There are 2 protein chains.
Amino acid sequence: MNFSVSEENYIKSIYHLQAVHQQVTTTLLAEAVQTKAASVTDMLKKLQVKKLVHYKPYKSFTLTEAGTKTALEIIRKHRLWEYFLVNKLQFEWNEVHEIAEELEHISSRELINRLDGFLDHPAFDPHGDPIPNSKGKMAELKQNNLIDLPLKKMASVSLIKDQSNAMLDLLKHYKISIGTKLKINRRFEFDGSVEVKIDKMPDAILSKQVAQNIYCTQ
Amino acid sequence: MNFSVSEENYIKSIYHLQAVHQQVTTTLLAEAVQTKAASVTDMLKKLQVKKLVHYKPYKSFTLTEAGTKTALEIIRKHRLWEYFLVNKLQFEWNEVHEIAEELEHISSRELINRLDGFLDHPAFDPHGDPIPNSKGKMAELKQNNLIDLPLKKMASVSLIKDQSNAMLDLLKHYKISIGTKLKINRRFEFDGSVEVKIDKMPDAILSKQVAQNIYCTQ
DNA sequence: AATAATTTTTAGATTTGTCTAAATTTATTT
DNA sequence: AAATAAATTTAGACAAATCTAAAAATTATT
Ligand SMILES: [Mn+2]
Ligand SMILES: [Mn+2]
Ligand SMILES: [Mn+2]
Ligand SMILES: [Mn+2]
């Protein structure tokens, strides 16, 4: 089965939204794919015909098994290309998302499997997100929100949730990236901010908003 | 300027046809982009508005300077990706064209320039075609058709003109690829076929049709 | 339970790229 | 120089993906 770029973007967005919201709504999806609710309804009907979503008008929609499989293939491509861009072409990790957004739609399965081999089957992309293997399986990591870390306990950054340029710029300033070692010195109750010691950097204070977007392994 | 996949395919095809035919016709272009003459006319009007072609209805059309520049950018991408696929992902040279046909439309200029660096600025793609640099300049090679080679004179294969799978399969059988050393032992006048000694292979006879598609440097 | 607000779907247009069939222009024969 | 053939363009239609505005359904509020 080969799908259009639009169809693939919808499928992928539904998958990501399902991971966070118990109910994915037309408006939510419209925002995610940068379009209007009416267009989403049109597409849902199309995806239903292609058996990629279960769709009950006015009620709900979810990915079918085939839809989920398709979503994981697109996500696999996206993250493998991101890994390639950062680790082979020396892009910064906040420059790759947009380009991967295009590359994820290149259709060849053989290409992506060879790329996977060329990169030595990476398990995580540059943002710390797990890369599905060719069967759609992803590694699971026991990780905690930075905000919940016990005091003075060393931990390793494993995932950045918010991947906006604004967030990534800020993290670059603090020299925080995937794998960075850090620990919490103290917590400020007033605004929920935390003072952290980041590997090879002077102590810094991270706002609650920032800290909540950083996940760590211990 | 960003162009659609269709527009880019038309532009690239016009460029390639212009290199071979003194006059590119609507029918010729229609065949090249796998469509009908009427669709070509539609697209020519669109490309004229975008100042990519000079178009005189019923008379002629040619690429403008901007059109040529655009064509060379697409060809640069196509050939760099082909080089990547063969030299980094170990694809066979007859498997890459189709995939590059998609990859050539990825828009990022930064991506292609980094890819170029990663590959060490290759001058020729796996089929021997020159890769335009970021300014659109291509290396020129003094090459002769295999059929015109002086007898017993060693030469090196530098370009395969017909890049169809049929041709490439045949060349794989003879173990001929870019860089292969060979010489002509004798010519058969009757059908224009040639007996060649190919590096590390027993003598073989190539039909005129095959030999005419092989170019060499001396 | 009725009304208001919100969400979702439908109806009807629009843009892009394509097609077939008909009309027009150019080229080739007679 | 007509007539015929071939190439090209125009006209009108269609599918995909989108939009705006209106209608319908659902949810929240009084
Ligand atoms: Mn995308
Ligand atoms: Mn990522
Ligand atoms: Mn193409
Ligand atoms: Mn090539």
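This structure is a prediction, so every number in the text was calculated from the model and none was measured. Residue numbering restarts at 1 for every chain, and letters A, B, ... go by the order of the sequence lines.
Between A:K36 atom NZ and D:dA16 atom P the separation is 23 Å, expressed in whole Å. Rounded to an integer number of Å, the gap from CG of B:N2 to P of C:dT16 is 15 Å. Nucleotide D:dA7 holds its P atom 11 Å from the CG atom of B:L28, rounded to whole Å. The distance between atom CE of B:M43 and atom C1' of C:dT18, rounded to the nearest whole Å, is 10 Å. The interatomic distance linking B:F3 (CZ) with C:dT16 (C1') rounds to 16 Å, in whole Å.
Among pairs with a residue in residues 95-129 of chain B, those fulfilling ring-ring contact (aromatic ring centres under 6.0 Å, His included) read B:H78-B:H97, at least two apart in sequence or across chains. The stretch residues 12-22 of chain B participates, sequence neighbours left out, in these side-chain hydrogen bond (donor to acceptor under 3.5 Å, both in side chains) pairs: B:K12-B:E101, B:K12-B:E104. Listed by first and then second residue, the side-chain hydrogen bond (donor to acceptor under 3.5 Å, both in side chains) pairs involving residues 30-41 of chain A are A:T35-A:S39 (not counting sequence neighbours).
Residues passing the side-chain hydrogen bond (donor to acceptor under 3.5 Å, both in side chains) test with B:D191 are B:S193, sequence neighbours excluded. Every residue two or more places apart in sequence or in another chain that forms a side-chain contact (heavy atoms from CB on, under 4.5 Å) with A:A155 is listed here: A:L149, A:C216, A:Q218.
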Atom pairs and distances, side-chain donor-acceptor, residues 164-171 of chain B, under 3.5 Å, sequence neighbours left out:
from: B:S164; atom 1: OG; to: B:D162; atom 2: OD1; distance (Å): 2.8
from: B:S164; atom 1: OG; to: B:M167; atom 2: N; distance (Å): 3.2
from: B:D169; atom 1: OD1; to: B:N94; atom 2: ND2; distance (Å): 3.1

Show me, pair by pair, the donor-acceptor contacts under 3.5 angstrom made by side chains of residues 56-65 of chain A, not counting sequence neighbours?
from: A:T64; atom 1: OG1; to: A:K51; atom 2: O; distance (Å): 2.8
from: A:T64; atom 1: OG1; to: A:L52; atom 2: O; distance (Å): 3.1
from: A:T64; atom 1: OG1; to: A:A66; atom 2: N; distance (Å): 3.4
from: A:T64; atom 1: OG1; to: A:G67; atom 2: N; distance (Å): 3.0

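OP1 and OP2 of C:dT6 both lie 4.0 Å or more from every side-chain N or O belonging to A:T27.
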Treat primed atoms plus P, OP1 and OP2 as sugar-phosphate and everything else as base, then score nucleotides 9-14 of chain C 5' to 3': B for base contact with protein heavy atoms under 4.0 Å, S for sugar-phosphate contact only, - for none. BB----
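Where A:V33 and B:V24 meet DNA chain D, the nucleotide closest to each residue was compared, and B:V24 sits on the side nearer the 5' end.
Taking a 4.0 Å limit (strictly below) on heavy-atom distances, residues 4-12 of chain A does not reach DNA chain C anywhere.
In this structure, B:E110 pairs ionically with B:R114, as a charged nitrogen and a carboxylate oxygen lie closer than 4.0 Å.
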